[in-house]
Student: 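Just dropping this structure here.
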Amino acid sequence: MIRLRRLRRTQKLRDAVAQTQVQVSKLILPIFVEYGKNKKEEIPTMPGVYRYTVDRLGEVVRAALQAKILGLMVFGIPETKDEKGSDAADPNGIAARAIRRIKEECRALGEELYVVADICLCEYTSHGHCGVLCGKDVDNDASLPLHAQAALVCAQAGADAVAPSSMMDGVVAAIRGKLDSEGLTNVAIMGYSAKFASAFYGPFRDAADSAPQQGDRKGYQMDFRNGREALREIAADEQEGADFIMVKPALAYLDVARAAREKSLLPLVVYNVSGEYSMVKAAAKAGFLDEKRIVQEILTAFFRAGADLVITYHALEYAKWKENGEV
Ligand code: PBG
């Protein structure tokens, strides 16, 4: 008889034949940074996730280094918003300040973190859309130079990679062109290639204060009924010069991640988004499930599906559990 149970008999054997490992060095932690002094405010819809002021970033840097994760993804929350999201393109804006500070802290410690700057306008615009408006529509082409400028400012501040998340067509090419013309040829582009219009971003919009004032993002983010279209988005980003591709959200989109893995030669990133994080936190708090085991299972599933890197709010906690032998 074929007995598959033979290889499941002891823990040692199960470990030896296990196909997938979660490596902490493949995790990226998203962080939210705001103006002000000496603040660390918990985000109500995301327990354990905070908005930091720039002067408190040393804390995050040390925690990330100690956890030995790959790096940080930076989200800026400006003080004032306007139609064009000007703070995003300001060399003295919140994202640029945060990135400079993170890199300074790293240098002072003689250590390295991979810093990725999220490039989008929704946190910065008064209307909360990811590009500039023309009537009620987001004007794709008019938004491109603003994204390129925002990317340039973050790259000059020291970002290792920029990650355009607005789903504007041509944004990767626009950013690559701008960075190259300014001599920033080593800064990578992590395309949010297949980003779906998703209710899983709910808690993030609370965290980043970026919900659209009117309408939704379905005119630019992908329809979640489509899988093949994700592959077209990925092919477009590849052609435009992306260095990484991404599928987002992660959990409900593992079929897309797997298809992306099979189709593309680029490193694949999946973004374990805010709603996925908050669901786990809420259920764990209610005593409905065991958080450590659930997170281990979820992160493993991402790598089993073919992800090379995972962006997750659980990064630091997971690293700690792993270090303590709790997962
Ligand atoms: C900005 C952006 C969003 C997320 C990452 N970048 C929100 C959105 O598109 O509405 C979501 C991240 C998360 O939910 O954790 N466009």
Side-chain angles (χ1 to χ4, degrees), residues 27-33 43-51 72-78 81 85 87-88 94-95 98 116-125 127-133 138 140 143-144 146-147 150-151 154 159 161-169 171-172 175 189-224 233 244 246-253 269-282 295 298-299 302 309-315:
L27 304 182
I28 296 175
L29 175 74
I31 58 163
F32 300 100
V33 189
I43 296 152
T45 51
M46 301 178 73
V49 178
Y50 303 84
R51 293 180 179 203
L72 303 172
M73 175 168 250
V74 177
F75 291 95
I77 304 154
K81 301 178 188 245
D87 193 271
I94 188 67
V116 186
D118 180 89
I119 304 297
C120 191
L121 300 186
C122 65
E123 301 107 277
Y124 299 91
T125 49
H127 44 77
H129 278 291
C130 300
V132 284
L133 293 183
V138 171
N140 191 91
S143 301
L144 296 180
L146 301 176
H147 283 77
C154 289
V162 292
S165 64
S166 61
M167 292 300 281
M168 295 298 120
D169 290 320
V171 71
V172 170
I175 291 176
I189 300 181
M190 184 182 283
Y192 276 71
S193 314
K195 176 172 175 181
F196 291 85
S198 169
F200 282 104
Y201 309 147
F204 172 95
R205 292 184 186 168
D206 222 31
D209 187 23
S210 67
Q213 299 293 307
Q214 269 191 357
D216 53 38
R217 304 210 201 287
K218 290 181 183 167
Y220 38 104
Q221 297 179 348
M222 280 187 56
D223 187 322
F224 57 72
E233 284 283 2
F244 302 86
M246 193 195 298
V247 171
K248 174 186 176 190
L251 211 42
Y253 297 83
V269 186
V270 300
Y271 196 142
N272 181 206
V273 301
S274 58
E276 300 170 343
Y277 172 85
S278 297
M279 286 196 310
V280 170
K281 282 285 171 195
V295 172
I298 288 173
L299 294 179
F302 296 151
L309 300 179
V310 175
I311 302 172
T312 177
Y313 301 94
H314 267 114

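Atoms within a ligand are numbered from 1 in the order they appear, just like the ligands themselves.
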Student: Write out the residue and atom name of the closest protein heavy atom to atom 3 (C) of ligand 1, then the distance separating them to 0.1 Å.
Tutor: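 Result: Phe204 CE2, 3.3 Å.
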Student: Show the numbers, then the answer: is there a side-chain hydrogen bond (donor to acceptor under 3.5 Å, both in side chains) between Asp118 and Tyr192?
Tutor: CA-CA 9 Å; Asp118 180 89; Tyr192 276 71; 2.6 Å; yes
Student: Contact between Ser210 and ligand 1, counting heavy atoms under 4.0 Å?
Tutor: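 No heavy atom of Ser210 comes that close to ligand 1.
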Student: Could you tell me which residues satisfy side-chain hydrogen bond (donor to acceptor under 3.5 Å, both in side chains) with Glu276, sequence neighbours excluded, listed by chain and number?
Tutor: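 Glu276: side-chain hydrogen bond (donor to acceptor under 3.5 Å, both in side chains) contacts with Asn272.
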Student: Where is the tightest heavy-atom contact between Ala252 and Phe200, given as atom of each residue plus distance?
Tutor: CB-CE1, 4.2 Å
Student: Show me which atoms of ligand 1 lie under 4.0 Å from any heavy atom of Ser165.
Tutor: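 Going through ligand 1 atom by atom, the ones under 4.0 Å from Ser165 are 1 (C), 2 (C), 6 (N), 16 (N).
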Student: Around atom 14 (O) of ligand 1, find the nearest protein heavy atom and jot down its residue, atom name and distance.
Tutor: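 Of the protein heavy atoms, Ser274 OG, 2.7 Å lies nearest.
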Student: Taking 4.0 angstrom as the limit and counting only heavy atoms of Phe75, give me the atoms of ligand 1 inside it, by number and element.
Tutor: 5 (C), 6 (N)
Student: Can you name the closest pair of heavy atoms from Ala151 and Ile175 and give their distance?
Tutor: CB-CG2, 3.6 Å
Student: Is the Phe224-Phe196 ring centre distance short of 6.0 angstrom?
Tutor: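 Here the rings of Phe196 and Phe224 have centres that are no less than 6.0 Å from each other.
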Student: In terms of atom number and element, which parts of ligand 1 are under 4.0 angstrom from non-hydrogen atoms of Cys122?
Tutor: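 By the 4.0 Å cutoff, the relevant atoms are 1 (C), 16 (N).
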Student: I need the minimum non-hydrogen distance between Ser193 and Met167, along with the two atoms involved.
Tutor: O-CE, 3.4 Å
Student: Short list, please: which atoms of ligand 1 are under 4.0 Å from a heavy atom of Tyr271?
Tutor: 12 (C), 15 (O)
Student: To check you understand the geometry: which heavy-atom pair defines the closest contact between Leu299 and Val310, and what is its length?
Tutor: CD2-CG1, 4.1 Å
Student: Identify the closest protein heavy atom to atom 4 (C) of ligand 1: which residue and atom is it, and at what distance?
Tutor: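 Atom 4 (C) of ligand 1 sits closest to the protein heavy atom Lys248 NZ, 2.6 Å.
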Student: Between ligand 1 and Lys195, can you find any atom pair, the residue atom being a heavy atom, that is separated by under 4.0 Å?
Tutor: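 The answer is yes: ligand 1 sits under 4.0 Å from a heavy atom of Lys195.
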Student: At less than 4.0 angstrom from any non-hydrogen atom of Tyr313, what atoms of ligand 1 do you find?
Tutor: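 Near Tyr313, the atoms of ligand 1 are 12 (C), 13 (C), 15 (O).
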Student: Tyr277: heavy atom below 4.0 Å from ligand 1, yes or no?
Tutor: no
Student: Name all residues meeting the side-chain hydrogen bond (donor to acceptor under 3.5 Å, both in side chains) criterion together with Tyr313; count only those two or more places apart in sequence or in a different chain, and write none if there are none.
Tutor: Tyr271
